[in-house]
Protein chains: 2
Amino acid sequence: MSIREEKKKKTKNAILQAAITLFTQNGYDQTSIEEISKSAGVGKGTVYSYFQTKKDIIKGFCEYDLEQIHLELVKNSNPDASLLEQMLTIYMTEFKHVTRNREFGRLFMRESVFPDDADVKDHCELEDKYFQLLFPIVTRAQDRGEVRKDAELLHITAHFYSLYILIMSAWYTGRLSTEEIEPAMETLFRQALEGLKANTDIQPQHIEKIDE
Amino acid sequence: MSIREEKKKKTKNAILQAAITLFTQNGYDQTSIEEISKSAGVGKGTVYSYFQTKKDIIKGFCEYDLEQIHLELVKNSNPDASLLEQMLTIYMTEFKHVTRNREFGRLFMRESVFPDDADVKDHCELEDKYFQLLFPIVTRAQDRGEVRKDAELLHITAHFYSLYILIMSAWYTGRLSTEEIEPAMETLFRQALEGLKANTDIQPQHIEKIDE
DNA sequence: AAAAAAAATTGACTGCAGTCGAGATTTTTA
DNA sequence: TAAAAATCTCGACTGCAGTCAATTTTTTTT
């Protein structure tokens, strides 16, 4: 690695480190780029040669971090557990991770779910990688006869992802406290698997109570 | 109505009108508060006595507008149509409305789904009103035996809302084009009703193909 | 109807995000 | 290894969001 590349890596890290520290300490809005640059020992302009905008710094941090988590999660998850269990583990881990810092999480979710047009490409790549990790889990569940095969993988994955977003929203709007997240997620995931329609054409005794 | 209240109403309207016109014409970021104030014939400070922030102007516009749409929708919707049909009508109308202006819609969705802590209360009130409008529709579907009764109204409503958010996200990330929205929404809503699990314990011939 | 109180309006001001051209540093060329 | 080219660094500068104390307008009191 050349001197230049070496330095760039160090500088980028220093900026990221300084930014995260200051953001955590004083809040995102209360931290100026100039403070970050001073703390990282570089000029203000240099920060902008590593990150396009202030939001980008958070994005850079969260994305890198999440990618690590995803890889770990999928590796460590028990491939024989039920789809429900596996999805719960994955999305609860993701929830805990993203909400470690309320402010970062909010900015990250906003940008992830409703990205600026300029960031769409970037964001989709990350999401695609994620889906590629989830697909084998769903496929295995299909092979076990746990999940219908007449639905696209992407759609099945999308249902869980969609409920994850909903739950994040409920947390940010204060409708769910941190403790209520896990049971709520389980209920909703269960309902997604079971279906919302009344099971009229099945024997009534087969209906299980799912809601609390 | 006193002279003062009269004037306030007029001024607020003038600001909103000027803002929407300029935002639409030149884009949100390219429009400054000062331009808006000049165009509305007031001082810059006055704008801030009617709206707390720049984003608030968009919010004020969208919220008022949406509330009208909601009321109309629920009044005009056919109470005897299936839940699927009704939900599709409602959320497709909402989709079309929110995405009339791509930029406004994005800002509105970000703030609605992941609101700033300061805006949570405000936002929840609007959402609650919305849910109150949807509940009777779901209740009627339950009475018709279309939807399970062992699930909370809020949960059932939440499933559809969650898929609506997902679809908005897919539109903003370019995964779905405008024409693809309606069929995608129908597929996902259907799947939510039917459930994702394989119907192993039902007679196989009862399984319907839902995916395209 | 005049004085006092309350509320609304104003634009100069502050602080920060993001830009840009000049200068420093590293790499490539000769 | 010196000159030329490419890349990185910098902080002064621009433009705008949001604040605030002074002023004007309306309402209430006497």
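Naming: A, B, ... by sequence-line order, numbering from 1 per chain.
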Worksheet item: Is there a Watson-Crick or G-U wobble partner for dT30(D) with both distances under 3.5 Å, and which nucleotide is it?
Response: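 Check on dT30(D): paired to dA1(C), both distances under 3.5 Å.
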
Worksheet item: Considering residues, nucleotides and ligands other than Phe135(B), do more than 12 of their heavy atoms fall under 6.0 Å from its CZ?
Response: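 Result for CZ/Phe135(B): enclosed.
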
Worksheet item: Taking atom CD of Gln52(B) as the centre, does the number of heavy atoms from other residues, nucleotides or ligands within less than 6.0 Å exceed 12?
Response: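 Not buried by this count: 12 neighbours or fewer within 6.0 Å.
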
Any ion pair linking [Y] and [X] (charged N to carboxylate O, less than 4.0 Å)?
X: Glu67(A); Y: Lys129(A); answer: yes
X: Asp119(A); Y: Lys55(A); answer: no
X: Glu194(A); Y: Lys197(B); answer: yes
X: Lys121(B); Y: Glu125(B); answer: no
X: Asp80(A); Y: Arg140(A); answer: no

Send over the distance from [X] [atom1] to [N] [atom2], rounded to a whole Å.
X: Glu6(B); N: dT25(D); atom1: CD; atom2: P; value: 19 Å
X: Lys55(A); N: dG18(C); atom1: NZ; atom2: C1'; value: 13 Å
X: Phe51(A); N: dC16(C); atom1: CZ; atom2: P; value: 20 Å
X: Lys7(A); N: dC8(D); atom1: NZ; atom2: P; value: 12 Å
X: Ile15(A); N: dT9(D); atom1: CD1; atom2: P; value: 8 Å
X: Asp29(A); N: dA17(D); atom1: CG; atom2: P; value: 15 Å
X: Tyr48(A); N: dC16(C); atom1: OH; atom2: P; value: 12 Å
X: Lys10(B); N: dT9(C); atom1: NZ; atom2: P; value: 13 Å

Worksheet item: When you measure from the side chain of Arg110(A) to the backbone N and O of Phe114(B), does any donor-acceptor pair fall under 3.5 Å?
Response: yes

[N] phosphate, OP1 or OP2, under 4.0 Å from [X] side-chain N/O:
X: Tyr50(B); N: dT9(C); result: yes
X: Lys8(B); N: dA8(C); result: yes
X: Lys54(A); N: dG18(C); result: no

Response to the item:
Numerically ordered, the residues 32-47 of chain B set in heavy-atom contact under 4.0 Å with DNA chain D is Ser32(B), Ile33(B), Lys44(B)

Worksheet item: Which residues in residues 101-123 of chain B have at least one heavy atom lying under 4.0 Å from any atom of DNA chain D?
Response: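 When residues 101-123 of chain B is checked for heavy atoms under 4.0 Å from DNA chain D, there are no hits whatsoever.
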
Worksheet item: Which comes earlier along DNA chain D counting from the 5' end, the contact point of Tyr28(B) or that of Thr11(A), where each point is its nearest nucleotide?
Response: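 Its nearest nucleotide being more 5', the pick is Thr11(A).
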
Worksheet item: For the residue pair His70(A) and Tyr130(A), does the interplanar ring angle fall in the parallel (under 30°), tilted (30 to 60°) or perpendicular (over 60°) class?
Response: parallel

